[in-house]
Trainee: 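Sharing a structure below in structure tokens format, with a few things to ask.
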Amino acid sequence: MAKLQPVRGTHDLIGDDARAHLAIAGTAREVAERYGFGPMATPIFEFTEVFKRTLGDTSDIVTKEMYTFEDKGGDSLTLRPEGTAGVARAFISGGLQNELPLKCFYHGPMFRHERPQKGRQRQFHQFGVELIGVAEPSADVEVIAMAADILDALGVLSETTLELNTLGDAPSKERYRAALVEYFSDLSDKLSDDSRDRLVRNPLRILDSKDAGDRALIADAPDFDDYMTEEAAAFFAAVQDGLDTVGVAYTRNPHIVRGLDYYSHTAFEFTTEALGAQGTVLAGGRYDGLIETMGGPKTAGVGWAAGIERLAMMTGEAPALPRAITLIGLGDAGEREALRLSSELRHAGLTVELIYKGGLKRGLKRADRIHAAAAVLIGDDELARGAATVRDLDSGEQVDVAITDLKDHLAAHR
Ligand code: ATP
Ligand code: MG
């Protein structure tokens, strides 16, 4: 039983790691709000059916990766592996059809039982957005542009490539699927086991295979563009046009497939060379059939999710905080005055580290460790004069400052 270790594939976020994480989510939120998106938080577990129906019985997530358990009431529940299903469920159960377009973002932990490696955990975090109820290509353009703006605000856009594809509409997909089945059936003895299985269950996903043998066969597979209906081609052209208009660069990658039936039209990923094998930092697409599949009214949707841990590996540490002022009270009266001052200075916008006990030496040691800008010493002598000793911890210079002037004296450190 439980050794006191984190579960394999999970991580504690401590100190700078936790800060980097919050900074990424905060930046993403600011940008999303500028696009008129608002927050949505759904539970981290749902009835298993929610994910089975949305992700489909053939997806990797449903077949291999879900944390599913029976609760004490006998219901089958699953820890959410991704965010869209919960948002779609909330849309239906909350009766939000009259709130369209629904523009929301979410942030939180996701759970997938996969083989842990760099950039791949069993509990990881995503920031994601959904734009529900808009069938126009400008919605696709907008969520993609938002993704680019977020990556830019995080300083990593230039290290990523936007890979763009279209899955067309249902008739395009049907025709293309038939062409793929015909092409790969002749080669089925050369396909990997996984892809031979996909040939029966979900042929489009063969295009997504990472197997080297498969990849060679995929290179000569039929080209989707030859099977696209005029409407689907026009939709894709409008998305590309819109991206050009807002100045978002992309490359076409016909192998980006979200292999589920209700995905249509736009599919995209922001990928990077900076992270090795786990190079997709943000992925999304249009899912016009999803809400209907779940039993709701036919409703268009487009969205994406970004992996925060992968982004954090690219951004490194969060922006520096303002340096602290250390308050050291000596003796009972000094400690009381330090406590009072800590409150006053914080209310004035300063970052204050109060030394609880241990005197001058311990206080200065702590100040050094947290790289404080200044130390304020208050002992009996100082109190008698209504003053404090302020030591600049960079220059070592020490001055006497009237307690009433402290706020102004330290204002530069806000
Ligand atoms: P991958 O091909 O890497 O398995 P995916 O297609 O399963 O990705 P999505 O379901 O599209 O990923 O999730 C969106 C993003 O969430 C990914 O691009 C990635 O940044 C992040 N992500 C997905 N799974 C994990 C994981 N196990 N650990 C860390 N981040 C993850
Ligand atoms: Mg995966």
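Owing to the predicted nature of the structure, the values given are computational and were not obtained by experimental measurement. We use all heavy atoms of the structure for the numbers below, so side chains are in, but hydrogens, waters and symmetry mates are not. When a ligand or atom number is given, it counts from 1 through the structure's own listing order.
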Trainee: Side chains of Asp226 and Tyr176: is there a donor and an acceptor less than 3.5 Å apart?
Mentor: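 No donor-acceptor contact under 3.5 Å links the two side chains.
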Trainee: Does either side chain, that of Tyr287 or that of Glu130, offer a donor lying less than 3.5 Å from an acceptor on the other one?
Mentor: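 Side-chain D/A pair, Tyr287 to Glu130: present.
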Trainee: Can we call the ring centroids of Phe127 and Tyr106 under 6.0 Å apart?
Mentor: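 That pair fails the under 6.0 Å test.
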Trainee: Using a threshold of 4.0 angstrom between heavy atoms of the protein and any atom of ligand 1, which residues qualify?
Mentor: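 Within the 4.0 Å shell of ligand 1, which is judged on heavy atoms, sit Arg112, Glu114, Gly119, Arg120, Gln121, Phe124, Gln126, Arg258, Thr280, Val281, Leu282, Ala283, Ala305, Gly307, Arg310.
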Trainee: If a pair satisfies side chain to side chain donor-acceptor pair (under 3.5 Å) and one of its residues is in residues 182-191, list it, with sequence neighbours excluded.
Mentor: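 Sorted result for residues 182-191: empty, none.
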Trainee: Do we see a donor-acceptor contact under 3.5 Å between the side chains of Glu269 and Thr280?
Mentor: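 Yes.
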Trainee: Within the side chain of Asn165, is there an N or O that forms a donor-acceptor pair under 3.5 Å with the backbone of Ile256?
Mentor: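 Confirmed, Asn165 side chain pairs with Ile256 backbone.
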